[in-house]
Amino acid sequence: MAALNRIQKIASHLDPPKPFKFKVALLGAAGGIGQPLSMLLKMSPYIAELSLYDVANTPGVAADVSHMSTAARVKGYLGPDQLPAALAGSNLVIIPAGVPRKPGMTRDDLFNINAGIVRTLAEAIAAHCPNAWVAIISNPVNSTVPIAAEVLQRAGVLNPARLFGVTTLDVVRAEAFLGEIVGADPRDVSVPVVGGHAGITILPLLSQARPPLPASVTAEQRKALMTRIQDAGTEVVQAKAGAGSATLSMAYAAARFADSCLRAMSGEGPVTEYAYVRSSAVQGLPYFSSPLRLGRSGVEEVLPLGPMDAMESENFEAMKAELLGSIKKGEEFVARGPAK
Ligand SMILES: NC(=O)C1=CN([C@@H]2O[C@H](COP(=O)(O)OP(=O)(O)OC[C@H]3O[C@@H](n4cnc5c(N)ncnc54)[C@H](O)[C@@H]3O)[C@@H](O)[C@H]2O)C=CC1
Ligand SMILES: O=C([O-])CC(=O)C(=O)O
């Protein structure tokens, strides 16, 4: 027994427990993404307090998740009156609040409802946790991130190094699909995915994939893989046939993104992650998803996109007008002010 205790003591010294120190707020916690994401976040070794906010059903979700035997303390908050308390002291705020697509819709078709939701939530963040890192999942991401940025800027608290559009699901899908093709564990696969988060603005850089695509893959098959990654959200929307869009894979992707943020905040850097951020990576496009080096203070460096082959360069040029249009649409929405 004494020997076992000694071994346990040595082992815990070699692998010290993670600091359970951060408060993470999840806005939209009772939804299709919010519920499985609540569960995954409750398992994070970095989270001391998990704040679950929604306009419906949070007491049940919070009660359920709080019974998991992991360290994070869980609190549920319901409705706008409880939003300030949900946010106060948060280090990271994750936002999957808003409506999802149905078959036949584009992400931009969600703008009219989700733009107002993101604006309201960003106003509350500016007032109650202005230094938090903010990760936006709500679609259309290409516009909702500029909306949040404009709100935070008008409140005088914008830190572009801490505002992210979550595009991790595009990377996760690229890894899964390439893993299938090359017969590798997706965890050993890497594919940069840059640009934005809708249709052709999603640009997988297959020429930089590791392991590389086999030489036997034809240009046509390469193009088909690129298109599948770009349309993967629609693939799920159609398969769910009216019951929503990706929720489980999105929760997985968001948990992975949150883990990267919390590792970076903890100083366990350098952490490399992809996200849609305000940057000067591409001339004429104030927001772009790039590989990022994250550190304690947020984005410490926007990393280069790297070389593109002819097909990728063509797509890169083709996406620019659409991405800029979506950015401007978000910015103009905030400039117009609330509907009278
Ligand atoms: N960035 C990405 O890669 C992805 C983004 N999405 C987007 O995520 C969003 C959420 O999707 P789901 O969870 O499937 O939708 P859902 O409808 O299942 O859940 C949304 C939740 O947001 C809540 N909500 C609505 N208004 C709110 C407000 N003002 N404050 C707080 N909560 C509010 C609802 O009560 C609901 O619980 C959609 O806009 C969807 O398009 C979905 C998948 C991937
Ligand atoms: O496609 C949708 O509407 C949801 C989404 O963003 C995705 O799955 O990538």
Side-chain angles (χ1 to χ4, degrees), residues 25-38 51-62 76-84 86-87 93-125 135-145 147-148 164-174 176-177 193 195-199 201-202 204 228-240 242-258 274-276 289 326:
L26 181 58
L27 314 184
I33 296 167
Q35 293 203 32
L37 182 54
S38 300
S51 173
L52 302 180
Y53 173 78
D54 204 301
V55 292
N57 303 327
T58 23
V61 176
Y77 299 89
L78 183 65
D81 291 349
Q82 297 186 5
L83 183 55
L87 290 173
V93 181
I94 307 174
I95 310 183
V99 289
R101 283 202 281 167
K102 291 197 184 318
M105 294 170 81
T106 66
R107 290 180 181 83
D108 187 59
D109 292 334
L110 305 172
F111 187 97
N112 287 345
I113 299 178
N114 290 354
I117 293 174
V118 170
R119 174 171 56 196
T120 306
L121 296 175
E123 284 165 354
I125 289 167
I136 299 185
I137 295 171
S138 316
N139 272 315
V141 167
N142 292 355
S143 302
T144 52
V145 174
I147 289 172
F164 308 89
V166 181
T167 57
T168 324
L169 182 54
D170 302 313
V171 177
V172 161
R173 286 168 169 154
F177 301 165
V193 185
H197 181 67
T201 72
I202 299 169
R228 183 172 181 216
I229 296 166
Q230 292 175 324
D231 293 346
T234 307
E235 184 179 316
V236 178
V237 169
Q238 280 167 353
K240 291 200 173 181
S245 56
T247 53
L248 304 173
S249 51
M250 182 61 238
Y252 167 79
R256 177 165 143 175
F257 183 74
Y274 291 82
Y276 180 69
S289 181
S326 302

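Below, all heavy atoms of this structure are taken into account, side chains as well, without hydrogens, waters or symmetry copies. Whatever order the structure lists them in is the order used to number ligands and atoms, beginning at 1.
Side-chain contact between Tyr77 and Thr58 is absent, with no heavy-atom pair separated by less than 4.5 Å. Counting heavy atoms from C-beta on, the side chains of Ile95 and Ile137 never come closer than 4.5 Å. Counting heavy atoms from C-beta on, the side chains of Leu87 and Val93 come closer than 4.5 Å. At a threshold of 4.5 Å between non-hydrogen side-chain atoms, the residues Asn142 and Thr201 count as touching. The shortest distance between side-chain heavy atoms of Ser289 and Phe164 does not fall below 4.5 Å. Taking the side chain as every heavy atom from C-beta outward, Tyr53 and Leu121 approach each other to under 4.5 Å.
Using a distance-only test at 3.5 Å, with no hydrogens or angles considered, a donor-acceptor pair links the side chain of Ser138 to the main chain of Ala97.
In this structure, atom 23 (C) of ligand 1 lies nearest to the protein heavy atom Asp54 OD1, 3.2 Å. Looking only at protein heavy atoms, the nearest one to atom 29 (N) of ligand 1 is Ile117 CG2, 3.6 Å. Closest to atom 4 (C) of ligand 1, if we only count protein heavy atoms, is Met250 SD, 3.5 Å. Shortest contact from atom 27 (C) of ligand 1 to any protein heavy atom: Val55 CG2, 3.9 Å. Remark: minimum distance from atom 32 (N) of ligand 1 to any protein heavy atom is reached at Ala97 CB, 3.5 Å. Closest to atom 17 (O) of ligand 1, if we only count protein heavy atoms, is Pro100 CD, 3.4 Å. When hydrogens are left out, the protein atom nearest atom 16 (P) of ligand 1 is Gly32 N, 3.8 Å; that is the closest non-hydrogen contact. For atom 31 (C) of ligand 1, the closest heavy atom belonging to the protein is Tyr53 CE2, 3.5 Å.
Counting heavy atoms only, Arg107 comes closest to atom 5 (C) of ligand 2 of the residues Gln230, Arg107, Lys240. Nearest to atom 3 (O) of ligand 2 by heavy-atom distance, out of Met105, Arg101, His197, is Arg101.
Below 3.5 Å of separation, one finds an N or O of Ile137 facing an N or O of ligand 1. Checked by distance only, ligand 1 and Gly98 come closer than 3.5 Å through their nitrogen or oxygen atoms. Close N/O approach between Ser138 and ligand 1 is not found [any backbone or side-chain N/O within under 3.5 Å].
Within ligand 2, counting atoms from 1 as listed, the ones closer than 4.0 Å to a heavy atom of Ala246 are 8 (O). Residue contact check: Gly233 has heavy atoms under 4.0 Å from atoms 1 (O), 7 (C), 8 (O), 9 (O) of ligand 2.
Only the side chain of Asn114 comes within contact range of ligand 1, with a heavy atom under 4.0 Å; no backbone atom does. By the criterion of a heavy-atom distance under 4.0 Å, both the backbone and the side chain of Ile33 are placed next to ligand 1. Both the backbone and the side chain of Asn139 come within 4.0 Å of ligand 1, counting heavy atoms alone. Looking at Arg107 against ligand 1, nothing comes within 4.0 Å, counting heavy atoms. With a 4.0 Å cut-off on non-hydrogen atoms, Pro96 touches ligand 1 through its backbone and not its side chain. At a 4.0 Å heavy-atom cut-off, ligand 1 touches Val99 through the backbone alone.
Within the model, atoms CG of Leu110 and CZ of Arg101 stand 7.5 Å from one another, a figure rounded to the nearest 0.5 Å.
A heavy-atom separation below 4.0 Å is not found between Val236 and ligand 2.
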